[in-house]
There are 2 protein chains.
Amino acid sequence: MASHHSQPELKKNQKLVFDVLKDAANPLSAYSILDLLRGEGFRAPLQVYRALDKLVEFGLVHKLETLNAFVACSHDDCALSEPAAFMICDACESVSELGDASLSSHLGKLANTENFALKHTTVELHGRCKNCL
Amino acid sequence: MASHHSQPELKKNQKLVFDVLKDAANPLSAYSILDLLRGEGFRAPLQVYRALDKLVEFGLVHKLETLNAFVACSHDDCALSEPAAFMICDACESVSELGDASLSSHLGKLANTENFALKHTTVELHGRCKNCL
DNA sequence: TCAAAAATGTTATGTTATTACATATCAATT
DNA sequence: AATTGATATGTAATAACATAACATTTTTGA
Ligand SMILES: [Zn+2]
Ligand SMILES: [Zn+2]
Ligand SMILES: [Zn+2]
Ligand SMILES: [Zn+2]
């Protein structure tokens with residue numbers, strides 16, 4: 001039975017990596033993921049990076065550029081429209097993913113103003129979350 | 001005669017690194033800077049990274065997180081208020097730094113809504129510049 | 001079934017950034 | 001001038017993040 005999504009079923013390594021990220025409380029680096037999957041037979045970074053590439057492409061996982069780390073998407077729609085922003089607590093490393101349409105629209109207008117053909121946006125906000133003030 | 005800015009005079013290595021970035025057409029990685037400064041006696045990455053740390057702290061240089069590279073600030077005021085965004089052309093690697101106050105304000109409100117104490121924002125827009133369409 | 005495409009395994013290497021420790025420079029105080 | 005403390009610099013080694021290249025297996029679909 002085929003999924004009704006445009007995404008294909010996940011392959012074995014993709015599923016292993018995705019599940020690790022789903023279960024994680026915080027973002028994980030590729031090498032942390034590797035270590036967590038040694039028991040499943042993972043032996044080299046490329047096994048993780050290849051799975052991550054696909055998962056990011058599918059919109060199921062996002063890379064946090066300011067942390068060199070990865071998180072599972074907390075929405076259901078990032079396959080279609082990319083996430084607007086991430087708020088990252090520097091104290092507890094918690095991350096919350098925001099889908100603010102007005103922010104996306106603002107960035108789109110900014111690009112238009114400069115005749116810039118916008119393909120991808122990265123917005124990462126660092127600070128302290130409400131639990132860490 | 002002291003500068004009227006709050007920034008101290010640049011030290012030798014800081015000035016060398018800053019001048020290289022000022023003259024560069026595109027963002028440079030730390031290791032590219034190292035190679036450009038071998039003739040000036042630079043021998044190790046740390047000489048570059050230490051200078052970059054200070055220059056970033058002074059607001060004279062910004063790190064582009066999505067490129068792992070550095071650019072000289074194109075404004076005079078980034079010591080006070082951080083840059084709003086960077087537009088990065090994926091074709092020609094040109095970068096333009098934007099100081100959009102309404103974007104900064106938008107991000108500030110977004111953080112407030114979530115009771116997030118915002119310390120630093122990273123906004124990097126990728127696509128094609130007007131010369132590369 | 002068969003060939004093409006995608007996914008995986010493995011080794012080696014490339015790139016970015018930091019740790020640790022030694023030495024030098026500079027400014028303030030005695 | 002000598003002492004001190006703070007900042008800056010030099011150097012080697014290593015850690016952390018990411019990709020290249022090539023072989024093999026699995027999946028897909030004609
Ligand atoms: Zn998402
Ligand atoms: Zn927190
Ligand atoms: Zn600036
Ligand atoms: Zn361009």
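On a predicted model such as this, the values are computed, not experimentally measured, just so you know. Chain letters run A, B, ... following the sequence lines, proteins first, then strands; residues in each count from 1.
If you take CG of Asn13(B) and P of dT25(C), they are 12 Å apart, rounded to a whole angstrom. A straight line from CG of Leu28(B) to P of dT15(C) spans 15 Å, rounded to a whole angstrom. What separates CD1 of Ile33(B) from C1' of dT16(C) is a distance of 12 Å, to the nearest Å. Rounded to whole Å, the distance from CD on Glu40(B) to P on dG10(D) is 12 Å. Separating the CG atom of Leu52(A) from the C1' atom of dT8(C) is a distance of 15 Å, rounded to the nearest angstrom. What separates CD of Glu9(A) from P of dT28(D) is a distance of 10 Å, to the nearest Å. In this structure, Leu34(B) atom CG and dA12(D) atom C1' are separated by 14 Å, rounded to whole Å. In this entry the distance linking CD of Glu57(A) with P of dA7(C) reads 9 Å, nearest Å.
For the pairing with His62(A), the side chain to side chain donor-acceptor pair (under 3.5 Å) check across Glu82(A), Glu97(A), His75(A) returns one residue only, Glu97(A).
Heavy atoms of Ala30(A) sit nowhere under 4.0 angstrom from any nucleic acid atom. Across all strands shown, Arg50(A) has heavy atoms under 4.0 Å from base atoms, whether or not it also approaches the sugar-phosphate.
Residue Asn68(B) has a polar side-chain atom (N or O) positioned under 4.0 Å from OP1 or OP2 of dA17(C). Phosphate contact (OP1/OP2 of dT8(C), side-chain N/O of Gln47(A), threshold under 4.0 Å): absent. At the phosphate of dT9(D), neither OP1 nor OP2 sits under 4.0 Å from any side-chain N or O atom of Lys11(B). Neither OP1 nor OP2 of dA8(D) sits under 4.0 Å from any side-chain N or O of Lys12(B). Taking side-chain N and O atoms only, Lys63(A) has a distance below 4.0 Å to OP1 or OP2 of dA18(D).
When the nearest nucleotides of DNA chain C are assigned to Asp53(B) and Gly41(A) by heavy-atom distance, the more 5′-ward of the two goes with Gly41(A). Of the two residues near DNA chain D, Ala51(B) and Tyr31(A), the one whose nearest nucleotide lies more 5' is Ala51(B).
Of the possible donor and acceptor atoms, one in the side chain of Glu124(A) sits under 3.5 Å from a partner among the backbone N and O of Thr66(A).
Once the 5.5 Å centre distance and the 30° plane angle are applied, the aromatic ring of Tyr49(A) is found not to be stacked with the base of dT19(D).
Here the side chains of Phe70(B) and Val17(B) are not in contact, with every heavy-atom distance at 4.5 Å or above.
Counting only heavy atoms from C-beta on, Gln14(A) has its side chain closest to dT8(C) among dT10(C), dT19(D), dT8(C). Taking every side-chain heavy atom of Leu46(B) into account, dT19(C) is the closest of dT19(C), dT10(C), dG9(C). For Arg43(A), the side-chain atoms get nearest to dT10(C) when compared with the rest of dT10(C), dT18(C), dT11(D).
Rounded to the nearest 0.5 angstrom, Cys89(A) SG and Asn26(A) CG are separated by 9.5 Å.
Judged purely by distance below 3.5 Å, without hydrogens or angles, the side chains of Thr122(A) and Glu65(A) never pair a donor atom with an acceptor atom.
Of the charged side-chain nitrogens involved, at least one lies within less than 4.0 Å of a carboxylate oxygen, so that Arg38(A) and Asp35(A) count as a salt-bridged pair.
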